There are 2 protein chains.
Amino acid sequence: MNENNEKYEQLDEETLFIVSQTFKALSDPTRIRILHLLGEKECSVTEIAEELSLMQSTVSHQLRFLKNLRLVKFRRAGTTLFYSIDDEHVLALLNQTIHHARHD
Amino acid sequence: MNENNEKYEQLDEETLFIVSQTFKALSDPTRIRILHLLGEKECSVTEIAEELSLMQSTVSHQLRFLKNLRLVKFRRAGTTLFYSIDDEHVLALLNQTIHHARHD
DNA sequence: TTAGTATATGAATATATGTTCATATATGTT
DNA sequence: AACATATATGAACATATATTCATATACTAA
């Protein structure tokens with residue numbers, strides 16, 4: 001018994017989509033840097049741009065991407081928006097992989 | 001003390017590259033399906049193509065991609081190549097994310 | 001050696017993606 | 001209201017990516 005000749009259980013469309021979107025978010029160096037920074041501390045758009053030497057519009061575009069996937073959130077303080085991590089699981093995924101990349 | 005106003009420690013180039021490559025491998029639906037299948041059982045190229053309804057050349061191209069990153073390996077048996085997982089950490093990353101995608 | 005099967009590869013193509021520039025919107029201040 | 005600052009957005013562009021088709025290579029058996 002259990003000769004591993006059971007039929008293979010395919011991944012359903014929706015799961016496949018969510019999983020690929022999640023990893024796609026983490027596959028771009030700019031987004032990785034933004035998420036990693038936000039994992040350290042809440043930041044405004046301008047702060048992110050300065051800290052990472054990126055154009056403000058680049059940061060805004062990527063934050064919109066991350067916000068659509070609910071990986072980040074923001075709070076408003078006047079004209080300034082402070083962004084922070086909204087999905088601790090994905091941040092854990094990132095930190096885990098950073099750790100793995102460094103130690104082998 | 002520890003007012004969290006220490007300077008932010010940037011990710012180094014090499015780590016950033018490895019991490020983004022790893023996630024890029026996991027960001028495509030076809031590669032996800034291949035890795036998930038190989039996580040269940042060792043398969044030949046033809047078996048993968050049939051099980052997932054993909055063209056043989058599509059499978060070969062993606063296997064080359066995955067092999068370059070050492071995420072899969074193969075053994076030869078005559079003219080047939082049996083592929084299997086070569087990076088359990090990345091498989092764990094995938095399964096973890098599949099589980100997360102399904103349960104929320 | 002010839003034929004047959006399994007896999008790999010290169011070129012072509014279509015599509016997706018990331019960045020930049022210019023400009024719009026939103027909020028606060030005077 | 002006029003102005004300054006912070007952020008968002010749309011269009012244009014260059015580059016990356018995935019798939020397909022055609023064909024090459026590798027191994028096996030007759």
Side-chain angles (χ1 to χ4, degrees), chain A residues 11 13 16-38 41-84 86, chain B residues 11 13 16-38 41-84 86:
Chain A
L11 281 171
E13 276 270 346
L16 193 58
F17 181 74
I18 296 173
V19 170
S20 64
Q21 286 293 108
T22 302
F23 285 126
K24 192 155 297 182
L26 293 166
S27 72
D28 176 69
T30 300
R31 286 192 294 270
I32 292 173
R33 295 173 75 213
I34 292 174
L35 287 171
H36 186 250
L37 175 57
L38 294 181
K41 62 176 198 288
E42 184 189 56
C43 285
S44 72
V45 177
T46 302
E47 283 169 351
I48 297 171
E50 283 176 355
E51 186 71 68
L52 304 181
S53 304
L54 296 168
M55 304 243 70
Q56 176 265 317
S57 79
T58 297
V59 175
S60 267
H61 279 301
Q62 298 296 8
L63 285 172
R64 179 169 58 170
F65 183 109
L66 296 170
K67 191 154 50 70
N68 286 339
L69 291 178
R70 301 185 191 262
L71 303 190
V72 301
K73 61 178 188 284
F74 64 86
R75 69 178 173 87
R76 168 158 249 139
T79 62
T80 302
L81 303 185
F82 287 99
Y83 280 82
S84 57
D86 197 28
Chain B
L11 282 170
E13 276 271 346
L16 193 58
F17 182 74
I18 296 173
V19 170
S20 64
Q21 286 293 108
T22 302
F23 285 126
K24 192 154 297 180
L26 293 166
S27 72
D28 176 69
T30 299
R31 285 192 295 269
I32 292 173
R33 295 174 75 213
I34 292 174
L35 287 170
H36 185 248
L37 175 58
L38 294 181
K41 61 176 198 288
E42 183 189 57
C43 286
S44 73
V45 177
T46 302
E47 283 169 351
I48 297 171
E50 283 176 354
E51 186 71 70
L52 304 181
S53 304
L54 295 169
M55 306 242 70
Q56 176 266 316
S57 79
T58 298
V59 176
S60 267
H61 279 301
Q62 297 296 8
L63 285 172
R64 181 170 54 170
F65 183 109
L66 295 171
K67 191 154 51 67
N68 285 340
L69 292 178
R70 301 185 192 262
L71 303 190
V72 302
K73 61 180 188 284
F74 65 86
R75 67 179 174 87
R76 168 158 248 139
T79 62
T80 302
L81 304 184
F82 287 99
Y83 279 83
S84 57
D86 196 28

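Only a predicted model underlies this, so the values are computations on that prediction, with no experimental measurement involved.
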Any [X] side-chain N or O less than 4.0 Å from OP1/OP2 of [N]:
X: B/Arg31; N: D/dT17; result: no
X: B/Tyr83; N: C/dA6; result: no
X: B/Thr58; N: D/dT20; result: yes

Select one nucleotide: of [options], the one nearest the side-chain heavy atoms of [X].
X: A/Ser57; options: D/dA8, C/dG10, C/dC21; answer: C/dC21
X: B/Asp28; options: C/dA8, D/dA18, C/dT19; answer: D/dA18
X: A/Arg64; options: C/dT7, D/dG10, D/dA6; answer: D/dG10
X: B/His61; options: D/dT19, D/dA18, D/dA6; answer: D/dT19
X: A/Thr46; options: D/dT19, C/dA8, D/dT7; answer: D/dT7
X: B/Met55; options: C/dT5, C/dT17, D/dC21; answer: D/dC21
X: A/Leu81; options: D/dA8, C/dT19, C/dG18; answer: D/dA8
X: B/Thr79; options: D/dT7, D/dC27, C/dT7; answer: D/dC27
X: A/Phe65; options: D/dA6, C/dG18, D/dT17; answer: C/dG18

For the residue pair B/Phe74 and B/Phe82, is the inter-centroid distance of their aromatic rings smaller than 6.0 Å? no

Ion pair B/Glu47/B/Lys41, N-O distance below 4.0 Å: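 A salt bridge is absent here (no side-chain N lies under 4.0 Å from a carboxylate O).
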
Lys/Arg N to Asp/Glu carboxylate O, B/Arg33 vs B/Glu51, below 4.0 Å: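 A salt bridge is absent here (no side-chain N lies under 4.0 Å from a carboxylate O).
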
Does C/dA8 pair with anything, Watson-Crick or G-U wobble, both distances under 3.5 Å, and if so, with which nucleotide? D/dT23

Going by purine N1 to pyrimidine N3 plus the second Watson-Crick contact, or the G-U wobble pair, all under 3.5 Å, which nucleotide sits opposite C/dT30? D/dA1

Interatomic distance, [X] [atom1] vs [N] [atom2] [rounded to whole Å]:
X: A/Phe82; N: C/dT27; atom1: CZ; atom2: C1'; value: 14 Å
X: B/Gln62; N: D/dT19; atom1: CD; atom2: C1'; value: 9 Å
X: B/Arg76; N: C/dT7; atom1: CZ; atom2: P; value: 9 Å
X: B/Lys67; N: C/dT9; atom1: NZ; atom2: C1'; value: 12 Å
X: A/Ile48; N: C/dT19; atom1: CD1; atom2: P; value: 14 Å
X: B/Phe74; N: C/dA8; atom1: CZ; atom2: P; value: 7 Å
X: B/Leu63; N: C/dT9; atom1: CG; atom2: C1'; value: 13 Å
X: A/Ile32; N: C/dT17; atom1: CD1; atom2: P; value: 16 Å

Do the side-chain N and O atoms of A/Ser60 and A/Gln56 include a donor-acceptor pair separated by under 3.5 angstrom? yes

Sugar-phosphate only, base, or nothing, as touched by B/Thr80 at under 4.0 Å among non-hydrogen atoms: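 Since only primed, P, OP1 and OP2 atoms lie under 4.0 Å of B/Thr80, the category is sugar-phosphate.
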
Is any side-chain N or O of A/Gln56 under 3.5 Å from a base N or O of D/dA6, one able to act as donor and the other as acceptor? no

Does A/Lys24 or A/Gly78 map to a spot on DNA chain C nearer the 5' end, using the closest nucleotide for each?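 In this pair, the answer is A/Lys24.
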
Using heavy atoms to find the nearest nucleotide of DNA chain C for A/Ala77 and A/Gln21 separately, return the residue whose nucleotide is more 5′. A/Gln21

Side-chain contact test, heavy atoms from C-beta onward, threshold under 4.5 Å: evaluate it for A/Ser27 versus B/Ser20 and give yes or no. no

Is it the case that over 12 heavy atoms from other parts of the model lie below 6.0 angstrom from the CZ atom of B/Arg75?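 More than 12 heavy atoms, drawn from other residues, nucleotides or ligands, come within 6.0 Å of this atom.
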
